[in-house]
Amino acid sequence: MTAMGRTSTTTSVDTVDPTTGLVLQSYPAMNAAEVEDAVAAGAAAASVWGSTPVAARLAAVARLAEVLRERSEDLADLVTREMGKPIAEARGEVVKSAVTAEHYAAHGSRILADRPVPIDAPEGVEAWVSHEPMGLVLAVMPWNFPVWQVMRAAIPTVAAGNGLLLKHSPNVTGSALAIAELFTAAGLPEHLVTALVVAEPDVPATVEGLIADERVAAVTLTGSNRAGEMVGAAAGRASKPSVLELGGSDAFVVLADADVEAAAAAAVRARFTNSGQSCVCAKRFVVAAAVADEFVRLFVDGVRALRAGDPTDASTEVGPLARADLRDALQRQVDESVALGATVAIGGRSGRGSGSGDDTDTGWFYEPTVLIGTGPGMPVFDEETFGPVAAVAVACDDDHAVALADHTAYGLGLSVWSRSTERAVALARRITTGAAFVNAVVASDPRVPFGGTKRSGYGRELADAGLLAFTNQRTYWVVSGH
C-alpha cells in the first residue's frame with residue numbers, strides 16, 4: 001500500500017498571524033511522492049529505533065527535555081505568532097513538554113519492564129508480559145496547543161520505541177517543522193519524527209491513505225469530532241489501534257457549601273486559559289441557587305479584569321482566536337443562545353473587550369463573555385464553545401446539578417467545588433467524565449492518565465497508559481529446554 005499525497009491543485013500552506021490577519025509564511029505542500037518518501041524513511045527509522053535498548057531511548061528523551069528548555073523562548077514566540085496564544089502561556093506549554101520528557105526518562109524503564117506473571121504450572125514453566133514497540137505511529141494534531149499536544153503524544157510514543165509521522169494543523173506548520181527538528185537536535189535518529197506538510201484540501205484523503213498503509217501501525221488524534229469519526233472509522237477498517245481525544249464541554253459545578261470566592265477566581269482561569277480554546281477549559285458553570293448571585297458577581301468582576309490584547313505582551317491574559325471562522329462560529333452560538341433567552345452579563349461580541357485598553361479592531365479577537373440564564377437547548381450549553389465564552393446555569397439542588405452537568409454528549413473533565421470533599425466526590429461519581437477535579441481546575445499532568453468518555457473520545461494519554469498505548473503487550477510462556 002502506498003501513502004496518498006497531494007490530489008488538489010493547492011501547492012502551498014500559509015500560516016497567518018491571528019493578531020493582524022497577515023500571512024506569516026508560505027510552505028510548499030508535499031506531493032504524493034514526498035509523502036511516500038516520508039513514510040518509507042519513517043518506517044525504516046522506526047525499525048532501527050525499536051531494537052535500540054530502552055536505556056538508550058530514555059537517555060535520548062532526557063536530552064530532548066534539555067533541548068526543549070534551551071529553545072523554549074524561540075518555540076514560544078513561534079506558537080504566539082502562529083496561533084495567538086499569550087506568550088506567558090506559550091512558554092508554559094514548552095516547559096510542560098520538557099517536564100513530560102523528564103518524567104518518562106525517569107520512569108520509563110519501570111513502566112516498560114517485562115512483567116512476570118505467576119502461573120499455576122509445572123516446574124520449569126514461566127510466563128511474562130513484554131511491552132514491545134509497534135512501529136510507525138501517525139499523529140494527527142490540532143493547533144490550540146501546538147507544542148504540548150504533540151509532545152504529550154510524541155514523547156511516550158518515541159520512548160516506547162516507535163516512530164512518529166506528525167500531521168499537524170496547517171495554521172501551525174512552522175511549529176510542526178520546529179518540533180520535528182527538536183528530536184534530531186536531541187540526537188534521535190533522522191526521520192524518526194517527521195512533519196508532513198499537507199495542503200488542507202488533501203488532508204482527509206492523505207490521512208485515510210496513511211492509516212490504510214501497512215507501514216503505519218497505529219494512529220492518535222486530538223481534534224474535532226468530525227475528524228475523530230473519520231480517523232476512528234479508517235482505523236477500524238484497517239484493524240489498527242487508535243486513541244482519540246475529541247471535544248469537551250466540561251462542567252464546573254459550584255455547590256451551596258463551596259468557598260464561592262475561591263471558586264469564582266478559579267472559574268476565570270478555568271474558562272479563559274488559552275483564550276478559551278482548550279478541550280478541558282470549563283465551559284458550563286452549574287451553580288447552586290443559594291450562591292448563584294454571589295458567584296456570578298465575582299465571576300463577572302474577574303472576567304472584566306482580564307487583560308486582552310497583544311499576545312506578545314507578557315501581561316496579556318486573553319489573545320485572539322486562532323482563525324476568523326472560529327470567531328464567527330462563537331458569535332453564532334452566542335447570538336442563538338441570547339435569542340433563546342440567555343442574558344449577556346459581559347462581552348458578547350467581537351473585539352478585545354473592556355479590559356484591553358486597546359480600541360484597535362485588527363485581528364480575530366472576541367470579548368471575554370459570560371452568559372447567564374443558560375441551560376439545555378441553547379448552543380452555548382449543548383455545543384462545545386471554543387473561545388472565551390462562559391455559560392452559567394443555576395441548579396436548585398445537588399440532583400439538579402448532576403442532571404445539568406451530565407446533560408452533554410461529551411465527557412472529558414469535571415470540576416466540583418464544595419467544602420465537603422466527600423460530598424463533591426460522591427457527586428462527581430454520578431457524572432460521566434474521564435477526569436474529576438475537586439476544588440481544583442481540570443488540567444493534564446504526565447503522572448496521571450488523560451482522556452475522555454462518550455463523544456470526547458477513547459483511549460488514554462500520559463502516565464503509564466500513554467507509554468503503553470502503542471506497544472504490543474506480548475505474552476511469553478516458556479518451558480525450560482530438556
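Index from 1, following the sequence.
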Option among Arg447, Lys96, Arg69 that satisfies the salt bridge (Lys or Arg N to Asp or Glu O under 4.0 Å) test with Glu102: Arg69
Side chains of [X] and [Y]: closer than 4.5 Å at any heavy-atom pair?
X: Leu182; Y: Leu64; value: yes
X: Ser169; Y: Pro142; value: no
X: Trp417; Y: Leu255; value: no
X: Asn171; Y: Arg323; value: yes
X: Phe285; Y: Val296; value: no
X: Phe437; Y: Val416; value: no
X: Val137; Y: Val219; value: no
X: Ser278; Y: Phe145; value: yes

Residues Glu229 and Asn225: side-chain donor-acceptor under 3.5 angstrom: no
Any salt bridge between [X] and [Y], counting N to O under 4.0 Å?
X: Arg327; Y: Glu367; value: no
X: Arg460; Y: Glu245; value: no
X: Arg71; Y: Glu66; value: no
X: Arg284; Y: Glu383; value: no
X: Asp77; Y: Arg81; value: yes

For [X] against [Y], the heavy-atom pair lying closest together:
X: Ser224; Y: Leu246; answer: O-CD2, 3.6 Å
X: Pro368; Y: Val303; answer: CB-CG1, 3.6 Å
X: Ala258; Y: Val254; answer: CB-CG1, 3.8 Å
X: Ala436; Y: Ala428; answer: CB-CB, 4.0 Å
X: Thr220; Y: Met141; answer: O-CE, 4.0 Å
X: Leu340; Y: Gly377; answer: CD1-O, 3.4 Å

Between [X] and [Y] (side chain of the first, backbone of the second, donor and acceptor by atom type, cut-off under 3.5 Å), is there such a pair?
X: Asp406; Y: Ile431; answer: no
X: Ser456; Y: Gly247; answer: yes
X: Thr408; Y: Tyr410; answer: yes
X: His168; Y: Pro146; answer: yes
X: Asp250; Y: Ser415; answer: no
X: Arg91; Y: Ser72; answer: no
X: Thr369; Y: Gly348; answer: yes
X: Thr206; Y: Val203; answer: no

[X] side, atom [atom1]; [Y] side, atom [atom2] - distance, nearest 0.5 Å:
X: Leu136; Y: Leu138; atom1: CG; atom2: CG; answer: 8.0 Å
X: Gln331; Y: Leu321; atom1: CD; atom2: CG; answer: 10.5 Å
X: Ser249; Y: Leu412; atom1: OG; atom2: CG; answer: 10.5 Å
X: Asp301; Y: Ile346; atom1: CG; atom2: CD1; answer: 8.5 Å
X: Glu461; Y: Thr100; atom1: CD; atom2: OG1; answer: 10.5 Å
X: Phe470; Y: Thr157; atom1: CZ; atom2: OG1; answer: 6.0 Å

From CA spacing to verdict: side chain to side chain donor-acceptor pair (under 3.5 Å), Thr433, Lys454: CA-CA 8 Å; Thr433 61; Lys454 302 194 290 188; over 6 Å; no
Candidate pair Thr316 and Asp310, rule side chain to side chain donor-acceptor pair (under 3.5 Å), full reasoning: CA-CA 6 Å; Thr316 294; Asp310 180 0; 6.0 Å; no
Inter- and intrachain pairs under salt bridge (charged side-chain N to carboxylate O under 4.0 Å, His left out), touching residues 20-30, at least two apart: none
Worked check of side-chain contact (heavy atoms from CB on, under 4.5 Å) between Val392 and Leu371: CA-CA 6 Å; Val392 180; Leu371 297 184; over 6 Å; no
Salt bridge (Lys or Arg N to Asp or Glu O under 4.0 Å) between Arg332 and Asp335, intermediate numbers included: CA-CA 5 Å; Arg332 188 269 304 169; Asp335 290 346; over 6 Å; no
Within 45° cone of Phe381 ring axis and under 6.0 Å: Lys283 NZ or CZ: no
Candidates Thr374, Val344, Val380 - the one meeting side-chain contact (heavy atoms from CB on, under 4.5 Å) with Val338: Val344
Parallel, tilted or perpendicular: ring planes of Phe386 versus Trp143, cut at 30 and 60 degrees: perpendicular
Test log, rule side chain to side chain donor-acceptor pair (under 3.5 Å), inputs Glu82 and Ser175: CA-CA 8 Å; Glu82 287 195 323; Ser175 296; 2.8 Å; yes
